[in-house]
Protein chains: 2
Amino acid sequence: METGRSLMDAVRERCGRCSGRSLSICNVIDDQDLPALVAASSRVVVSSGRCFIQEGAPAHDFYVLTGGRAKLFTLMPDGRRQIVGFAELGDFLGLTSSETYAFTAEALGDVTLCRFPHSAIDRLVERFPRLRGRLQKEASSELVKMQSRLMVLGRKTARERLASFLVEQASPCCGHHALHDEQEPITLPLPMSRTDIADYLGLTIETVSRTFGLFRKEGLISVKGASSVTLLAPGVLSDIANGIKRD
Amino acid sequence: METGRSLMDAVRERCGRCSGRSLSICNVIDDQDLPALVAASSRVVVSSGRCFIQEGAPAHDFYVLTGGRAKLFTLMPDGRRQIVGFAELGDFLGLTSSETYAFTAEALGDVTLCRFPHSAIDRLVERFPRLRGRLQKEASSELVKMQSRLMVLGRKTARERLASFLVEQASPCCGHHALHDEQEPITLPLPMSRTDIADYLGLTIETVSRTFGLFRKEGLISVKGASSVTLLAPGVLSDIANGIKRD
DNA sequence: CCCATCAATTGATCTAGATCAATCTTCCAC
DNA sequence: GTGGAAGATTGATCTAGATCAATTGATGGG
């Protein structure tokens with residue numbers, strides 16, 4: 001919470017250069033109204049490996065991710081883990097129907113966030129009704145992504161799962177600009193570990209690694225040091241992801 | 001769309017006895033405002049096995065399910081199917097971020113619905129702002145359910161999946177009233193086929209059937225003619241669902 | 001009531017992916 | 001650089017659940 005002169009500075013500092021601005025819920029707020037947004041929120045920096053949302057903890061705050069990436073996961077009592085999503089620039093976290101968070105969020109590398117207390121969002125929504133619609137749209141679009149993830153986990157083979165993952169990573173924001181060119185190679189950073197990918201796809205690290213190996217041998221990808229891949233044939237990978245066989 | 005005298009009749013007819021009223025989005029609308037709701041919507045009856053939402057078709061309408069149950073699924077090009085949910089009384093269908101439906105909805109037995117054209121919902125939301133919040137809450141709660149479904153499909157064994165399914169069926173409305181008593185037997189109708197259950201849980205019919213058989217032998221359930229189960233030990237099933245071993 | 005049809009169960013095998021077990025990289029901290 | 005620790009790859013085996021194959025049981029039309 002900031003006021004007066006420093007608030008204007010804060011707006012310039014926080015929103016002026018915020019690369020998440022156009023992607024996130026903030027994009028329904030006019031420039032002149034930004035101070036209200038800044039006043040309602042606080043900037044949070046989370047260092048690599050730290051958790052900023054705890055599954056089951058009281059849900060006091062919403063977050064907009066403004067830098068870095070995070071993994072979102074749930075645990076079973078015996079430690080089995082399912083990653084329910086990877087958050088990126090502009091993603092809105094902490095929407096929950098209940099009074100507690102449904103997942104844990106951990107920073108993959110250093111992460112910056114804007115934190116909005118629950119109560120502050122209520123006030124903002126009252127003042128900027130379009131925000132409510134934006135929040136709903138956010139939830140709906142997440143819901144659609146979830147439905148395709150259910151298909152991945154319920155019905156796809158290991159090959160199809162990894163291909164789905166790679167294609168998804170190549171088209172952030174729910175396939176917005178799709179794959180620019182189906183044939184054009186695309187290089188992606190993979191800030192998550194093989195273990196994370198395995199827990200996302202319902203596989204083991206060994207299977208993930210072997211499948212990466214296969215794709216490499218088949219000339220579909222090339223790997224640079226485990227945290228960067230180039231999709232050499234995005235179109236083929238996309239077909240594999242959808243269970244389509246080319247001959 | 002109805003007017004005048006017949007509208008009042010329609011309200012009495014449609015909403016007065018609607019058992020979904022208290023569960024659905026309609027529960028944020030005062031009785032006196034119901035006519036607006038009725039005027040904006042039309043009643044639809046769908047007979048068993050018919051689809052009323054088609055994956056990929058232009059999303060013109062929203063639906064509130066007011067009677068019966070439906071299965072929601074997506075297909076892969078080769079016909080593999082993933083059931084993404086079973087809709088029941090009061091459920092709101094057709095929320096989507098894109099211009100097309102993300103899944104197909106098919107009636108399990110005869111189904112009645114209230115259909116709201118997209119445009120009508122926009123007008124209603126403008127007139128009744130609380131509706132917007134209700135819609136968002138609906139989407140958020142669905143999102144939370146999805147996250148636990150990802151765990152089911154990604155990390156649970158066949159036993160755990162079927163137990164999860166049975167416990168979920170026993171506590172409709174996202175575990176609202178939970179299991180009244182963990183030890184009290186509960187009898188459930190199962191309007192869906194074994195194939196549907198398999199496609200919901202990412203298993204084959206054979207595995208579903210075998211696992212039902214095991215639960216029966218272990219005295220955890222008793223089955224009446226494939227479309228009705230009694231959970232004899234809901235607490236134990238719940239523990240199995242969560243991977244907790246009692247000894 | 002009885003047959004036909006389709007769903008569900010049960011049994012026998014097979015296999016994709018898990019598990020167990022070494023290496024081999026990568027990349028810091030020193 | 002250099003040692004070492006964590007992560008990734010690769011290989012050998014095992015197994016839960018898939019697949020293939022009957023058989024049994026429901027359900028509904030004539």
Side-chain angles (χ1 to χ4, degrees), chain A residues 47-49 71 76 78-83 106 108-110 152-165 189-218 221-229 240 243, chain B residues 47-49 71 76 78-83 106 108-110 152-165 189-218 221-229 240 243:
Chain A
S47 56
S48 186
K71 58 185 177 197
M76 285 178 66
D78 63 4
R80 273 175 283 174
R81 196 173 66 141
Q82 176 64 47
I83 291 187
E106 181 185 319
L108 285 169
D110 294 352
V152 170
L153 295 181
R155 288 298 181 215
K156 292 192 184 179
T157 65
R159 252 176 99 74
E160 290 163 353
R161 291 182 202 205
L162 192 64
S164 300
F165 169 75
L190 289 185
M192 64 292 283
S193 68
R194 294 290 186 266
T195 304
D196 291 338
I197 297 174
D199 284 345
Y200 182 61
L201 298 176
L203 300 169
T204 58
I205 31 173
E206 292 93 332
T207 298
V208 169
S209 186
R210 274 186 254 272
T211 308
F212 265 117
L214 281 177
F215 284 169
R216 195 151 38 76
K217 253 182 231 157
E218 295 169 27
I221 64 171
S222 83
V223 179
K224 263 272 172 191
S227 64
S228 165
V229 221
I240 293 173
Chain B
S47 55
S48 188
K71 58 184 177 197
M76 284 178 65
D78 62 4
R80 275 175 282 175
R81 196 173 65 141
Q82 177 65 45
I83 291 187
E106 179 184 321
L108 285 168
D110 294 353
V152 169
L153 294 181
R155 287 301 182 212
K156 291 191 185 181
T157 66
R159 254 178 96 74
E160 290 162 354
R161 290 181 203 205
L162 192 63
S164 299
F165 169 74
L190 290 185
M192 64 291 283
S193 69
R194 294 289 186 268
T195 304
D196 291 337
I197 298 174
D199 283 346
Y200 183 60
L201 297 176
L203 300 170
T204 58
I205 31 171
E206 292 93 331
T207 299
V208 169
S209 185
R210 275 186 253 273
T211 309
F212 265 118
L214 280 178
F215 284 169
R216 196 151 37 75
K217 252 183 230 156
E218 295 171 27
I221 64 172
S222 81
V223 179
K224 263 274 174 191
S227 65
S228 165
V229 220
I240 293 173

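Scope of the values below: all heavy atoms of this structure, side chains included, with no hydrogens, waters or symmetry mates. Each chain gets a letter, A, B and so on, in the order its sequence line appears, and its residues count up from 1.
Among the atoms of the strands shown, base atoms are found under 4.0 Å from some heavy atom of Ser209(A). Counting any heavy atom pair closer than 4.0 Å across all strands shown, Thr204(B) reaches a base atom. When heavy atoms are screened at a 4.0 angstrom cut-off, Arg159(A) is found touching no nucleic acid atom at all.
When the P atom of dG11(C) is taken as reference, atom CG of Leu214(B) falls 11 Å away, rounded to whole Å. Summarising the geometry, the separation between CD on Glu206(A) and P on dG7(D) is reported as 14 Å, rounded to the nearest angstrom. Rounding to whole angstrom units, CZ of residue Arg210(A) and P of dA12(D) are separated by 10 Å. In this structure, Leu203(B) places its CG atom 14 Å from C1' of dT19(D), rounding to the nearest Å. Following rounding to the nearest Å, Met192(A) (CE) and dA8(D) (P) show an atom-to-atom distance of 12 Å. For Ile205(B) and dA26(D), the CD1 to P distance is 17 Å, given to the nearest whole Å. For the pair Leu190(B) CG and dA8(C) P, the computed distance is 11 Å after rounding to whole Å. In this entry the distance linking CD of Glu160(A) with P of dG17(C) reads 9 Å, nearest Å.
Of all heavy-atom pairs between Tyr200(A) and Ile83(A), the closest is CD1-O, 3.5 Å. Contact record, Ala158(A) with Thr207(A): CB-CG2, 3.7 Å, taken as the closest heavy-atom pair.
Look at Arg194(B) and you'll find a side-chain N or O under 4.0 angstrom from OP1 or OP2 of dT9(C). Listed pair Arg161(B) / dA16(D) fails the phosphate criterion, with no side-chain N or O lying under 4.0 Å from OP1 or OP2. Between Thr207(A) and dG17(C), a side-chain N or O to OP1/OP2 separation shorter than 4.0 Å is absent.
The backbone N or O of Arg155(A) sits less than 3.5 Å from a side-chain atom of Arg80(B), completing a donor-acceptor pair.
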| field | side chain to side chain contact (heavy atoms under 4.5 Å, CB included) between Leu203(A) and Leu162(A), intermediate numbers included | value | CA-CA 10 Å; Leu203(A) 300 169; Leu162(A) 192 64; 5.6 Å; no

